[in-house]
> 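Got a structure here, written out as structure tokens. Questions coming.
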Amino acid sequence: MTNKDLIKRLYREVIKHYQNRLIIAAICMIFVAGFTGAQAWLVKDLLDKIFLEKNTFFLEVLPLVVVGVFFAKGLFYYSYSMLLERVGQSVIRDFRIKLFNHIHKQSLDFFNVMPTGTLISRIISDVTLLQQAVSKALVGAVRDLFQVLILLFVVFYMDWKLAMVSFIVLPVAIFPIVRFGKLFRKLSTKTQEETAMVSNTLHETITGNRIVKAFCREKYEGDRLAVQVESLFQLTMKDARYRCLQHPLMECIGGIAIAAIIWFGGMQVIHGNSTPGTFFAFLTALIAAYEPVKAISNLNATLQQGLAAVTRIYSLLDMKPDIQNSPHAALLPPFTHEIVFKDINFRYEEDGNAGPGGRVLKDLNLTVPAGQALAIVGPSGGGKTTLTNLIPRFIDLQDGSITIDGHDIRDVTTDSLRNQISMVTQQTILFNDTVRNNIAYSRLDASMEEIEAAANAAHALGFINELPKGFDTVIGEGGARLSGGEKQRLSIARALLKNAPILILDEATSALDTESEQEVQKALENLMKNRTTFVIAHRLSTIRNADRIIVVQNGQIVEEGSHEFLMEMDGVYRQLHNIQYK
Ligand SMILES: Nc1ncnc2c1ncn2[C@@H]1O[C@H](COP(=O)(O)OP(=O)(O)OP(=O)(O)O)[C@@H](O)[C@H]1O
Ligand SMILES: [Mg+2]
């Protein structure tokens with residue numbers, strides 16, 4: 001996208017909503033600019049009427065006018081600054097919410113490739129750069145242009161020949177502004193990339209601090225961060241060098257203009273073609289005009305950074321979620337009959353080497369009648385988790401179809417589909433919140449009795465009551481203050497509370513000791529009775545009572561039947577069984 005397109009889009013999607021405020025702010029700015037011009041004008045009267053003519057009336061009036069002008073200017077200044085601040089902060093707020101919601105619409109694939117730190121850095125720091133571009137640069141430019149225009153009017157009105165002289169430096173001034181602008185933009189892009197990397201390292205090492213400690217990699221991680229921070233430092237210094245250079249450079253150019261004025265204007269006064277009042281007023285106006293010109297050159301830097309940031313923000317916002325509701329998506333009616341997997345083929349996009357042809361699931365067919373407890377077993381990496389991730393459409397098939405009561409899952413809304421599925425994932429995911437809220441996450445309107453009942457069924461009530469604040473205990477990031485088994489029981493309770501017709505348990509009891517596992521198992525079996533359940537387990541003891549067992553190996557169902565049947569068959573299942581029970 002070109003700058004023009006970017007700004008157009010920014011206008012359409014963001015600035016337009018704040019148009020009225022911005023217009024009022026601009027009007028206030030015109031007043032501020034007008035009063036700045038008036039200040040310069042007063043210098044002329046000060047010198048000519050008071051110092052040369054010694055007019056006492058002006059001596060009495062002028063101080064009052066000066067106070068009035070400063071007050072009025074201050075009032076308008078306050079008004080437009082506050083308006084702009086409000087618009088800028090609103091832009092930040094809106095974009096953060098928009099980005100957050102957009103990110104959560106993305107499929108699992110998106111999160112597999114987008115590091116957390118990068119996403120956080122987009123939402124936090126890129127948005128801030130954008131805000132500065134909108135409230136400082138775009139609008140600040142308007143203000144400064146007004147000021148320059150009004151002051152130019154003043155200088156031309158006072159002495160147009162002198163004004164022309166001061167313009168000889170203009171082309172010299174424009175060159176560094178344009179040149180530095182480009183540099184700032186390039187640097188800003190690099191800086192933001194580097195910031196995202198630092199943010200990724202921080203996120204990974206802070207959340208993974210146990211592993212850092214366990215392998216004594218504090219220094220290693222410290223050095224790794226130091227390299228990144230150093231490169232950020234270098235970039236910032238480069239940026240600072242241009243910024244710091246820009247100021248004196250502009251000042252010198254201004255000095256040349258002033259020197260020309262002194263020489264040429266002074267000559268006019270000496271030859272009697274002009275008054276000292278006009279001369280000093282002219283100089284005051286020119287010096288006053290110089291500030292906004294300098295500011296414009298700074299604003300350009302901010303604007304370029306903002307444009308670079310907005311490019312990144314839009315590239316994120318423009319990523320279409322690869323799993324979306326189809327245009328005619330219907331609501332999935334309550335599940336009653338059967339789930340059919342037909343000719344399933346699946347491969348992870350990036351991964352070309354997982355098995356022949358990179359297919360993780362190969363020509364897989366499976367029909368699961370409602371109410372069945374289906375156990376999925378098989379060697380690690382066989383495709384069990386992948387198979388169950390297809391049901392709630394966390395990932396989409398390349399080939400084949402999954403239908404629930406005859407409805408293809410791609411033809412129904414993801415919400416209506418996922419509302420009928422309850423899951424315990426292989427990696428336990430809990431939030432840094434209270435026990436109660438973590439369980440109720442699956443049903444926000446659940447009553448305390450229901451939450452307790454779910455905790456009880458998951459055999460979690462015992463340890464919850466022993467926590468310092470019971471259900472109100474905050475469990476730390478990812479449940480860091482709980483044991484592995486306790487975490488699993490909370491996530492089972494959360495899944496049970498949802499009370500959905502389809503239940504997916506991926507190694508749900510793997511972190512429990514044999515005794516608790518047996519008890520949780522009993523509770524789960526009760527629940528499985530009127531539900532369709534997919535149970536993935538490595539420990540075969542937990543699936544003995546399943547209605548049906550399938551063995552998934554290399555993306556295919558290699559054996560299926562009851563425990564007894566599979567034992568007799570003397571195949572993969574029996575091998576797995578014998579290894580565990582020898
Ligand atoms: N996000 C991903 N991107 C690319 N490949 C993946 C991804 N997730 C899994 N795989 C690959 O797909 C294959 C099947 O993985 P899956 O997680 O379904 O196995 P699994 O049967 O659940 O194994 P386990 O019993 O160890 O949990 C593996 O070879 C794995 O490397
Ligand atoms: Mg798995």
Side-chain angles (χ1 to χ4, degrees), residues 103-104 106-116 118-119 200 204 319 321-323 339 341 343-366 368 374-400 402 409 421-429 484-485 487-488 491-492 495 502-512 517 524 533-543 546 548-560 566 571-573 575-577 579-580:
I103 287 171
H104 278 286
Q106 301 291 333
S107 71
L108 286 194
D109 271 345
F110 172 87
F111 294 96
N112 287 342
V113 292
M114 270 288 189
T116 315
T118 306
L119 294 175
N200 284 327
E204 256 185 353
M319 278 186 192
D322 31 342
I323 293 180
I339 304 176
F341 297 74
D343 301 327
I344 304 292
N345 276 292
F346 179 82
R347 69 168 65 192
Y348 287 100
E349 217 69 64
E350 248 67 48
D351 184 8
N353 349 312
R359 284 183 297 164
V360 173
L361 297 174
K362 294 161 212 155
D363 305 318
L364 188 143
N365 283 289
L366 178 68
V368 185
L374 175 79
I376 309 175
V377 300
S380 180
K384 304 180 293 294
T385 301
T386 308
L387 181 66
T388 52
N389 274 343
L390 288 169
I391 308 170
R393 277 191 87 196
F394 287 164
I395 43 183
D396 255 352
L397 288 170
Q398 281 95 19
D399 257 324
I402 298 178
I409 56 170
I421 301 171
S422 200
M423 274 193 129
V424 178
T425 52
Q426 193 164 14
Q427 271 102 23
T428 317
I429 297 167
K487 281 192 259 188
Q488 255 187 355
S491 61
I492 293 173
I502 302 169
L503 186 61
I504 298 173
L505 304 169
D506 195 347
E507 297 284 342
T509 54
S510 60
L512 304 187
E517 181 173 27
L524 285 177
T533 322
F534 295 80
V535 194
I536 302 177
H538 279 125
R539 258 192 267 171
L540 300 183
S541 57
T542 58
I543 49 119
R548 179 175 163 205
I549 300 168
I550 60 172
V551 182
V552 173
Q553 191 176 28
N554 292 327
Q556 284 168 318
I557 300 176
V558 289
E559 284 169 26
E560 81 168 273
L566 291 173
V572 183
Y573 183 82
Q575 257 177 357
L576 289 173
H577 187 270
I579 294 167
Q580 283 185 20

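Side chains included, hydrogens not; waters and symmetry mates left out as well; all remaining heavy atoms used. Computed from a predicted model, the values in this text were never measured in an experiment. We count ligands from 1, going down the list as the structure has it; atoms in each ligand are counted the same way.
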> For the residue pair Thr509 / Gln488, report whether a side-chain donor-acceptor contact shorter than 3.5 Å exists.
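No, Thr509 and Gln488 have no side-chain donor paired with an acceptor closer than 3.5 Å.
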
> Is it true that Arg539 and Glu507 make a salt bridge, defined as a side-chain N closer than 4.0 Å to a carboxylate O?
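No, this pair does not count.
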
> Is any side-chain heavy atom of Ile402 closer than 4.5 Å to a side-chain heavy atom of Ile339?
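Counting from C-beta outward, Ile402 and Ile339 do come under 4.5 Å.
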
> Looking at non-hydrogen atoms alone, which of Phe111, Tyr348, Phe346 comes nearest to atom 8 (N) of ligand 1?
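Ranked by closest heavy atom to atom 8 (N) of ligand 1, first place is Tyr348.
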
> If I take atom CZ from residue Arg393 and atom OG from residue Ser107, how far apart are they, to the nearest 0.5 angstrom?
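Reported to 0.5 Å precision, the distance equals 10.0 Å.
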
> Take every heavy atom of Glu507, measure it against each atom of ligand 1, and state whether any distance is under 4.0 Å.
no

> Polar-atom distance check: Gly383 versus ligand 1, any N or O pair below 3.5 Å?
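Min N/O separation from ligand 1 is below 3.5 Å for Gly383.
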
> Let me see the working for Phe394 and Met423 under side chain to side chain contact (heavy atoms under 4.5 Å, CB included), right down to the final yes or no.
CA-CA 12 Å; Phe394 287 164; Met423 274 193 129; 3.4 Å; yes

> Just jot down the ligand 1 atoms closer than 4.0 angstrom to any heavy atom of Thr386, in number order.
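So the atoms of ligand 1 that pass are 14 (C), 15 (O), 16 (P), 18 (O).
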
> For ligand 1, which atoms sit closer than 4.0 Å to a heavy atom of His538?
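Those qualifying, in numeric order: 25 (O).
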
> Geometry only, no angles: is Gly382 polar-contacting ligand 1 at N/O separations under 3.5 Å?
yes

> Among Gln553, Lys384, Arg347, Arg359, which residue places a heavy atom closest to atom 25 (O) of ligand 1?
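Answer by nearest heavy atom: Lys384.
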
> Under 4.0 Å from a heavy atom of Gln426: give me the atoms of ligand 1 that qualify, with their elements.
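Every atom of ligand 1 under 4.0 Å from some heavy atom of Gln426: 24 (P), 27 (O).
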
> At the Mg ion (ligand 2), what's the angle from Thr385 OG1 to Gln426 OE1, rounded to 10 degrees?
90°

> Side chain, backbone, both or neither: which part of Asn112 comes within less than 4.0 Å of ligand 1 when only heavy atoms are counted?
side chain

> Output, in order, the C-alpha distance, side-chain angles, deciding distance and verdict of side chain to side chain contact (heavy atoms under 4.5 Å, CB included) for Leu505 and Ile536.
CA-CA 6 Å; Leu505 304 169; Ile536 302 177; over 6 Å; no

> CD of Glu204: more than 12 outside heavy atoms within 6.0 angstrom?
no

> Using a strict cut-off of 4.0 Å, indicate which atoms of ligand 1 neighbour a heavy atom of Val360.
12 (O), 13 (C), 14 (C)

> How far apart are the C-alpha atoms of Lys384 and Asp506, what are their side-chain angles, what is the distance that settles it, and do they pass the side chain to side chain contact (heavy atoms under 4.5 Å, CB included) test?
CA-CA 8 Å; Lys384 304 180 293 294; Asp506 195 347; 5.8 Å; no

